[in-house]
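Chain identifiers are assigned alphabetically (A, B, ...) following the order of the sequence lines, protein sequences preceding nucleic acid strands; residue numbering begins at 1 within each chain.
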Amino acid sequence: MIGGPQSTAQRSRGRAAVIGAADDELTIYERSKPGRRAFVAPALDVPERPIDELLPRQLLRVAPPRLPEVSEPEIVRHYNRLSKRNFDLDTGFYPLGSCTMKHNPKMHERVAALPGHAKLHPLQDPRFAQGALELMWRLQEALGEIAGLRHVSLQPSAGSHGELAGVLLTRAYHEDRGERRNKVLTPDTAHGTNPATVTMAGCDVVKVSTDARGNVDLDDLRAKATEDVACLMLTNPSTLGLFETGIEQIERIVHGVGATLYYDGANLNAIMGICRPGDMGFDIVHFNLHKSFTQPHGGGGPGAGPIAVADRIEPFLPRPQVVRREGDPPANGRRADGGGGGGHFYDLDYDRPRSIGRLRGFQGNYGVFVRSYAYIRSLGAAGLREVSEVAVLNANYLLARLQREGVLEYLPAAHERMCMHEFVLSGAPMKRLLGVKTFDLAKRLLDHGVHPPTVYFPLIVEEALLVEPTETETKETLDRFAEIIEEILREAREDPEVARQAPYATPVRRLDEAAAARHPVVRQPL
Amino acid sequence: MADASYPDDLLYHPEHDWARVEGEEATFGITWYAQDQLGEVVFFDPPAIGGQLKQNEAYTEVESVKAVSDVFAPLTGEVVAINDLLSDKPETINSDPYGDGWLVRVRLSDPSETESLLSAAAYEATLA
Amino acid sequence: MSRYTSATDADRAEMLHTIGVGSIEELFADVPAGLRMQRALACGPGLAEQEVFEELRALAARNVCTEDELSFLGAGMYDHYIPSVIDSIILRSEYLTPYTPYQPEISQGGLQAMFEYQTAICELTGLPVSNASLYEGPSAVAAAGYVAKVHNDRRRFVISRGVHPHSREALATLAHAWEMELVEAPLHEGVTQLPALDDRVSAVVVQQPNFLGAVEDVATIASAARAAGALAVCACDPLPLALLKTPGECGIDIAIGEGQTLGNRLDFGGPSFGFFATSHALLRRIPGRIAGETHDADGRRGFVLTLQTREQHIRREKATSNICTAQALNALAGVIYLSWLGARGIVELVELMLRRTAYARERLRAIEGVTLLHEQPVVREFAVALAAPAQAVIARCREQGVNPGYELGREYPEHPDGLLVAITEQRTKADIDRLAEVLASALAAERQAYAEVPA
């Protein structure tokens, strides 16, 4: 599967020549032929009234949408063939730092598809959605326990949505105390969603620098933590994969000026059952259910970004909240069970006068909750703790393997410290000594059938490579990855051009991103 | 442009912009260092003719595949011309940052502001 | 050891030895002792797969879903038939498990699917540019508001009362954060009555069809918005766009909407997807991911995420939104669904719904005690007023196994006994006849009971 043989001529076409390969590249519109169809409408069983009798002509569109005309076999073949042009987690190693690409348990699709979950209308009377509301309540309880903060809202749709909720909650909290605080501090290592969220929430970003050991620079923090600061947004471990050893001092500084402490839960995989953000003093925590809680990434979503908050922030949580009420539910209809037995029932609470309001429709991404809840029940306390132990073990092991001679001199760790569940290497020496950049290394990894780590993030490390193996990988996979890196570097010492022109063995080779941005073509012309 | 260059006949602003002063007018652009940092430029959104630029303030943006960067005015003035070539070929900023890759021309309001700008040597020293 | 990890005792010993520590405990040395948990998480024990399955099944059994009752409940999400091809495709590992396509060479499947989806949304909305999805409908309205705010820096939104209550609330939450004013345009005879607009208005937002099911005169509203220099924004139900004048044809600047009806399940409200389409002028301002066409080093056509400088991970504080993970898999279901319906099929489907809705409307208005809330043209949903408390009537219908629709009074106090009835292609004539029968008897019984209550 490894392309990139020696001669330039051979390099130009590394893909195996398969008869009909060009057919893979057609779009569904290019396969379309007038008259083909996959859908057959049910027979008309009501009066066939003329359309323009029901909808006046001036309300109608001039021409129908030019959707494809294809049969079912064509749809199946098209999307199946297209899928084979994707690399995926079920197929290979995916050490994409900060994304927590861990195995997606297969039973989750089965439970999510149960009609009682999948075919439940969001506006169904809560008395007839007790199973759903109880599931959400139990998930809230579990997440609250993991975070060490009791009050949870499942409403935000993804991590960045949870962050938005967090900043809005902070603003509401300060406003309620009669204060207008508009500044939010974020470390210079922060994930891009953090400053974008702050701006979207109507606040100003102030960057805090990182010291040589990879921790938040406490002196810089002290200088910038003024009385007009609303919040510090932090990840712990940080995006460098390092535990914030000064966290207790950070908490004192930030709370000392009356600001709140926000925890970006992207790196929760490192600490479940070990320590809790609530105990560290965080006031607001968001979770990425598509990271630590195995919701499949789907090529870019769906996910969910629930939040857990301290007592003082609770009144401002989004509306509605899932609550458990004592007593019997109001008189109900067909279904026998109105509650969980034992004199309580589950409900949606809209009576929240200080709430920030809604962030989205209905109750949130329930299908994601079903999967995450199943995961938590499968693992239990011991299993969740084991996740973090093995995630941190795997990362440290892979780091140790990659800091051996043959790799260390080209890709040294950015900081000489024990890492948590992920670590950062710098490709700066590789660039200097071999003329091969982190970008080229990533492309050459594609030829070896693994997904590259995250590249060029965090921004403060030159030619960064952020590696997160997760706990669901075997030792053999980690060993193999280390061997692949060694091999690529060996090859680069002999002929750096191979990596610079990689990949060869993929469905397409390097793509002209500048052309795509200069003259964007974002739809098929028809 | 392959090699770094900082022509001596230009004046430089620490935020990586240059000015070519010709009498009461000046032409602005971004330096070799700036275009090298950005990578291949894909989009440039010029200010309107007649717009007022203030020294040290950002007056527009240059966008590459991987980043967007503010462009700062080295001097104060009114925009009298913008480089039309860039709407179709923004990559000219990379290949010829001091020539065909110029951004705007202004009528200066206060020519004495040039005293606060850097010479080529002084600017290059800031890059070290 | 759980079933999802594989580090045996032997593996652990070897790995710890390579790292150079004696125990896993030592790997957590950086965590201050005072912060370490002194007890296990109170999350219960781990369960076998079959035990977990049983628990989830038992929870499902306590929900009354659309298989358990004849449902006419809509109000933003609808019980459409989802074809089998969708699951057979989206549950494939290659679509289900990868991350966002940051390495395009090995993500052509997902990127091309996004491109095909974007094209379909452009066709539906009549606008030239679409992104690759947002979370869902109501937050897409808020996202459009953000684009307007950044675009023209004005301080006021005008939003029709006919826009879904959840969308109005989501916009209100953010408008408060942006210190912008939110003015509601009232409904008159079921459609929007736009107030006079001036140069303080950043955007005008209308829904098509509106929450009461009425088809709005979007072109006139868009024209008024543009005359005031405001952006014209339309939140639309995508299926009716097969017949209705498109947002593009109406002069709308931004068309957004809830994508659930395009091949996605009800799932108690999510996940689904939101779509976002706009004009070329706003191309560089739109939120979310966009797939663009280009070519590779060998001249082969390929697709990449483009205009990424707008997104959170490059522009950071100057981003057009903060969205990272969106709803790619749900959008894929959407484009498969639209391909399955096809150019002719979508028209046939919506014409069927249109005629069945007309039939339902006629049957219900003929019932004693039912009046239409408005006489506007409708496509797939309509509103009636009942001559008895809606809640009680609905309860009686439920006892007969029929969920007649949404109790409008919950969000529209001006319609205390209003009922919103939704029709999909799954509701046959026989179903509609049953609805009429059950509703008539429930209404009669409720009115009688009320009459019998001593004064």
For this session: Flag the pair A:His121 / C:Phe268 as yes when their ring centroid distance falls below 6.0 Å, and as no otherwise.
Result: no
For this session: May I ask you to decide whether C:Glu293 forms a salt bridge with A:Arg523, counting only side-chain N to carboxylate O separations under 4.0 Å?
Result: no
Exercise. side-chain hydrogen bond (donor to acceptor under 3.5 Å, both in side chains) between A:Tyr373 and C:Glu55: does it pass, once the steps are laid out?
Worked result: CA-CA 10 Å; A:Tyr373 181 66; C:Glu55 184 180 336; 2.5 Å; yes
For this session: Go through A:Val370, A:Ile146, A:Leu526, A:Asp512 and name the one with the most non-hydrogen pairs under 4.5 angstrom from chain C.
Result: A:Asp512
For this session: For a salt bridge (charged side-chain N to carboxylate O under 4.0 Å, His left out) with A:Asp45, tell me which candidate from C:Lys429, C:Arg355, C:Arg356 qualifies.
Result: C:Arg356
For this session: Would you mind checking which part of A:Ile271 comes under 4.5 Å of any heavy atom in chain C, side chain (CB onward), backbone (N, CA, C, O), both or neither?
Result: neither
Problem set entry | Region of A:Leu379 that comes under 4.5 Å of a non-hydrogen atom in chain C | both
For this session: State, without any angle test, whether A:Gln58 and C:Lys245 hold a side-chain donor-acceptor pair at a distance under 3.5 Å.
Result: no
Exercise. Under a 4.0 Å N-O cut-off, is there an ion pair linking C:Arg3 with A:Glu386?
Worked result: no
Exercise. So what's closer than 4.5 Å to chain C heavy atoms on A:Val62: side chain, backbone, both or neither?
Worked result: both
For this session: Would you name the heavy atoms of C:Ala358 and A:Leu54 that are closest together and state the gap between them?
Result: CB-CD2, 3.6 Å
Exercise. Got A:Val390 and C:Arg12 here, is their nearest side-chain heavy-atom distance under 4.5 Å?
Worked result: yes
Problem set entry | C:Gly345 versus A:Phe39, closest heavy-atom pair with distance | O-CE2, 3.4 Å
For this session: Considering only NZ, NE, NH1 and NH2 on the basic side and carboxylate oxygens on the acidic side, decide whether C:Arg301 and A:Glu25 come within less than 4.0 Å.
Result: no
For this session: Would you mind checking if C:Glu351 and A:Arg49 are paired as a salt bridge, meaning a charged N to carboxylate O distance below 4.0 Å?
Result: no
Seminar exercise, completed: Of the listed A:Ala41, A:Gly357, A:Ala382, A:Gly367, the one with the largest count of heavy-atom pairs under 4.5 Å with chain C is A:Gly367
For this session: Counting only heavy atoms closer than 4.5 Å, note whether A:Glu48 contacts chain C via side chain, backbone, both or neither.
Result: both
